[in-house]
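Owing to the predicted nature of the structure, the values given are computational and were not obtained by experimental measurement. We use all heavy atoms of the structure for the numbers below, so side chains are in, but hydrogens, waters and symmetry mates are not. Quick note on labels: first sequence line is chain A, next is B, and so on, each numbered from 1.
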Amino acid sequence: MAADPRVQHLLRRAGFGATTAEAAAFSQRGFTPTLDALVDFHSTPDDVDALIGQDGYSAVTPSAGGMDPFSPASYINDARQRWLFRMVHGRRPLQEKMALFWHQHFATAYSKLANAVGGPGATQMMAARASEHPSGLRGEIELFRDYALPYFRDLLIEVARHPAMLYWLDGRLNTKARPQENFAREVMELFTIGVGEFTESDVYAGARVFTGWNLRRIGDARDPLGFFEFFYNGGQHDTGAKTFSFPIHADGSKTIPARAESGGMQDGIDLLTALARHPSTGRRLAQKLWSFFVSEVRAPDAGFVDRIAAVYTRSNGHMAPVVRAVLSSREFDAPDSYFARFSWPVEFVARALKEIGYAGFTLNSALGPLSNMGQQLFEPPDVAGWERGPAWFTTAAMLARMNFASTLTRVQRDNIAAAATGNGATPEALVSFYLDRMSPAPFEQNAYASLLNYLRSGPAWTGSAAQLRVKAPGLIHLIGGSSEYQLI
Amino acid sequence: MKFSRRDFVRGGISAFSVGFAAPQFLCDIALAQGAAFRNLVVLYLGGGNDSLSMLVPYRDPFYAARRPTLAVPAGQVLQIGRDSAGNELGLHPRLTGLRTIYNEGRLALIQRTGYQNSSRSHFEGTDIWSTANPLSTQGPGWLGRYLDTIPAPVDPLYAWNTGAEVPHSLLSRLVAVPSISNPAAYAFQSPNGAAEAALEREAAMRMSSHLPLHRPHLAFVNASAQAAFATLDRVAIVGAYAPTVTYPANGFALALRAVAAALATQIGTRIFWVQTGGYDTHAAQGGTYTTLMTTLNDGLLAFYQDLSNNGLLNDTLILQFSEFGRRIIENGSGGTDHGAASVMMAIGGRVRGGIYGTAPSLSPDPSNPTLENGANDVRHETDFRSVYARVIDNWLGSNSAAILGGDFRGGPDFL
């Protein structure tokens, strides 16, 4: 059956696009059952990692070189490949999409961690699955997967006490004698309520709240199985009361009371709970979800933000109903929301692999191009994350996208030539065949004409196998590198 | 404040899109411009630079007292003399190349630059320095507003960002600034051989040639593609440049190398943006800052020598800033938290070298007029906009009052 445009729209936004087979299968099920399957992803097994290294999927290349196996819990480039693999082949696309959303929201960069604890330790903090850790501690990205759609407050608390964040924003060094403001500032400015909703003295009070939220090393420095874990160090906690400019407790009081060292960790829980409950947090998340899922062309309707923020409040910050409300909103499905989102580099790459082909392509070859496109996974430029929307489309990044399409079509030449056979009787037929498979935004008339002109340029069109081996990859390169294809 | 670059770019799209013109024509314009204009390289130290470690008031009795582990020892600083108030100052010990440039009279150090009610937020602070407007950080950046004054059609390589993202300072209503961190990778590839590749490039150029006004987001991407095609061949020339000195192998130095290459090959670019991060030294600042200063010094020295060897020093100005300075007192992590005023540097053959402004007194007395925030942060003495004004008026030959939206003339006369 032909792919349903609404379902394709949903799969581009709530996932990373669809192969021809996936688009057909989900179209058969219809929009709402597809949405249900995406949101209720726990009913689908998370078995994709077992496919890594098997024939018929994207390949990976161990980055350690030599005979070392693929080690995504120890080498960051292996971790990057695993995440890309999950985007391309995973059966829980919305979980990966939300993991990406949270990675952007709680932007943490590997390199600072690696400077402090070395590459393997930092990779472990960022990307290890619980089963890959000597003590079962999840890497930060696993946290984002596990808390993809549960309660925002719980995610916020888990992030605040995660070793990656305690390194990234220096909480590990936050002590009562010298409180450390880095995390306290960003948790308010970027992770929850936003600029304008807090004062400088809130930052100072916040730093005191988190004194003693430190780390300790398990095993000595030479122990290859050593690692860091969260440690509430009561002796370093500032036990005095802390007062904020916004309500902390449900009764409206703005003061966290003085607490003994032993119970002082509750200060941080109180503050994070208050920040998660603050009305500005729900509204900021609604706005972010709008630009992530709905549109970057239109500003969010006030009504949309109100509605989604209300779902957030009503559900105590449960993200599953919030995201479901976003994806089932009339704004999401409005015609002017289609292709109204600038694809992120990893979205572009994953979708291109799904739609153009991945057999024989190693994801390691995508890492350099992704960096040139402006997005290296686990390496956001700063705590505010990547600059999105049109900002992805610098001239160099646009060239990098065109060039990735070139690299991929070169690798896929045999598959492309095989698929083109029987579909290339005329240039029009070939263009139509690939526009169907690749589902780009509608082509402008001149761009469509340029595709046909390209096929007709050079030797006269015969549609021979030899001609298709050249022209079909050239055509897909042009479609994949087109501006229309950069929109999702 | 709810500023977002995305919102701005969206708001500016239609004007920006129609400002684009035919690529070949623009190349000719760029070449015709020759070397008649002066070059500006803006250098941003990202994260909030600790000026008290870069330009050290090593005789201040409170310096060592308030920074028990971070104070650069008086015996190690590179002494460069006194400011107009008689404060003895020294550069960080790793800034040996900058001391050489200083001794040649081509480095100006402008102390205590900032603005009233300094933001302690990286993002708001950067937006304020970018827009030169502490009250509203919406809209184009100060360099973008300068670009908007250049008669159309503007060469798409008039400005060049060496970083991954176009900085807010360079956001313009009419000019799309290309981001090129690696000239060698700035090329159009093809899955096919040379003849077919040429056909693909021709087709890709035609596909992006149309800017549909009813689809501004598509027009925006097309405009980026157009700018890429319009700049490819000239950037290839830059990529082939062999520098006259050896640059360190780090991203900062390689960015400066690309700038020197663009200047030496005379492709017409006048404004460059270079940035280097890691200055947000909340923890373990001592070793980190030494590394930062080494990177800064070695990159700048190589760049300076390369410019000098190419006879470009007199045509080039390097202007350095950071979004804020840092707290005077150390935190418990051997680092410093966000502060207020910092130091700016200007380097170039036509710069009047020297020390401008006066160092703060670091006395913790709350009434100390050179400090703020309970005598914990450095209070600004020179409004950073007066530094911009001098660059705009005396270097770019434009009108600072129009670009900055006010008269900030009369600041330090380093140009």
Portion of [X] that has a non-hydrogen atom of chain B nearer than 4.5 angstrom:
X	answer
A/A207	neither
A/N403	both
A/E181	both
A/P369	neither
A/S111	neither
A/E200	side chain
A/F339	backbone
A/L475	neither
A/N115	neither

For chain A, which candidate among [options] shows the most heavy-atom pairs at distances under 4.5 Å?
options	value
B/R206, B/E202, B/H122, B/E200	B/E200
B/S190, B/G163, B/A197, B/A204	B/S190
B/D280, B/I329, B/L199	B/L199

* What residues of residues 479-488 of chain A sit under 4.5 Å from chain B when you count only heavy atoms? ->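 Residues A/S482, A/S483, A/E484, A/Q486, A/L487 are the ones that qualify, each having a heavy atom under 4.5 Å from chain B.
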* Would you please go through residues 165-172 of chain A and name the residues with a non-hydrogen atom below 4.5 Å from one of chain B, in numerical order? =>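 Residues A/D170 are the ones that qualify, each having a heavy atom under 4.5 Å from chain B.
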Interface residue of largest heavy-atom contact number with chain B, from [options], under 4.5 Å:
options	value
A/K112, A/R185, A/M402	A/R185
A/N446, A/T409, A/D336, A/T175	A/N446
A/L478, A/T394, A/N182	A/N182
A/A397, A/S457, A/P381, A/S371	A/S457

* Can any side-chain N or O of A/R413 pair as donor or acceptor with the backbone N or O of B/P191 at less than 3.5 Å? ->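 Judged by distance alone, yes, a pair lies under 3.5 Å.
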* **Short side-chain to backbone donor-acceptor contact, B/N331 and A/P179, under 3.5 Å** =>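 Between the backbone of A/P179 and the side chain of B/N331 there is no qualifying donor-acceptor contact (under 3.5 Å).
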* To do: Can you label the angle between the B/F220 ring and the A/F342 ring as parallel, tilted or perpendicular, going by 30° and 60°?
  =>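 It falls in the perpendicular class, over 60°.
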For a quick test of reading the model, state the closest non-hydrogen atom pair linking [X] to [Y] and the distance between them.
X	Y	result
B/A227	A/T395	CB-CG2, 3.4 Å
B/F123	A/A384	CE2-CB, 3.4 Å
A/Q180	B/A283	NE2-N, 4.3 Å

Looking at side-chain heavy atoms only, is the closest gap between [X] and [Y] below 4.5 Å?
X	Y	answer
A/V195	B/E124	yes
A/E444	B/R215	yes
B/H210	A/Q445	no

* Given the rule in the side-chain contact (heavy atoms from CB on, under 4.5 Å) test, do B/M207 and A/F443 qualify, once you have shown the distances and angles that lead to the verdict? -> CA-CA 9 Å; B/M207 287 167 70; A/F443 266 66; 3.6 Å; yes
* To do: Could you look at B/A187 and say if it's the side chain, the backbone, both or neither that has a heavy atom under 4.5 Å from chain A?
  =>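 Looking at B/A187, just its backbone touches chain A.
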* To do: Select one option (side chain, backbone, both, neither) describing which atoms of B/N373 are under 4.5 Å from chain A's heavy atoms.
  =>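 The side chain, not the backbone.
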* Asked: Are the aromatic ring centres of A/F393 and B/H217 under 6.0 angstrom apart?
  -> no
* What pairs with B/E323 under salt bridge (charged side-chain N to carboxylate O under 4.0 Å, His left out), at least two apart in sequence or on another chain? -> none
* Asked: Got a sec, which residues hit salt bridge (charged side-chain N to carboxylate O under 4.0 Å, His left out) with B/E372, two or more places apart in sequence or on another chain?
  ->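 Scan of B/E372 (salt bridge (charged side-chain N to carboxylate O under 4.0 Å, His left out), adjacent residues dropped) gives B/R120.
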* Separation between CZ of B/F229 and CG of A/L399, rounded to the nearest 0.5 Å ->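 Reported to 0.5 Å precision, the distance equals 7.0 Å.
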* **Distance, nearest 0.5 Å, that separates CD of A/E186 from OG of B/S121** =>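 Those atoms lie 7.0 Å apart.
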* To do: Apply the test side-chain contact (heavy atoms from CB on, under 4.5 Å) to residues A/F183 and B/H282: give CA-CA distance (whole Å), side-chain angles for both, the deciding distance (0.1 Å), then the verdict.
  => CA-CA 10 Å; A/F183 177 73; B/H282 284 279; over 6 Å; no
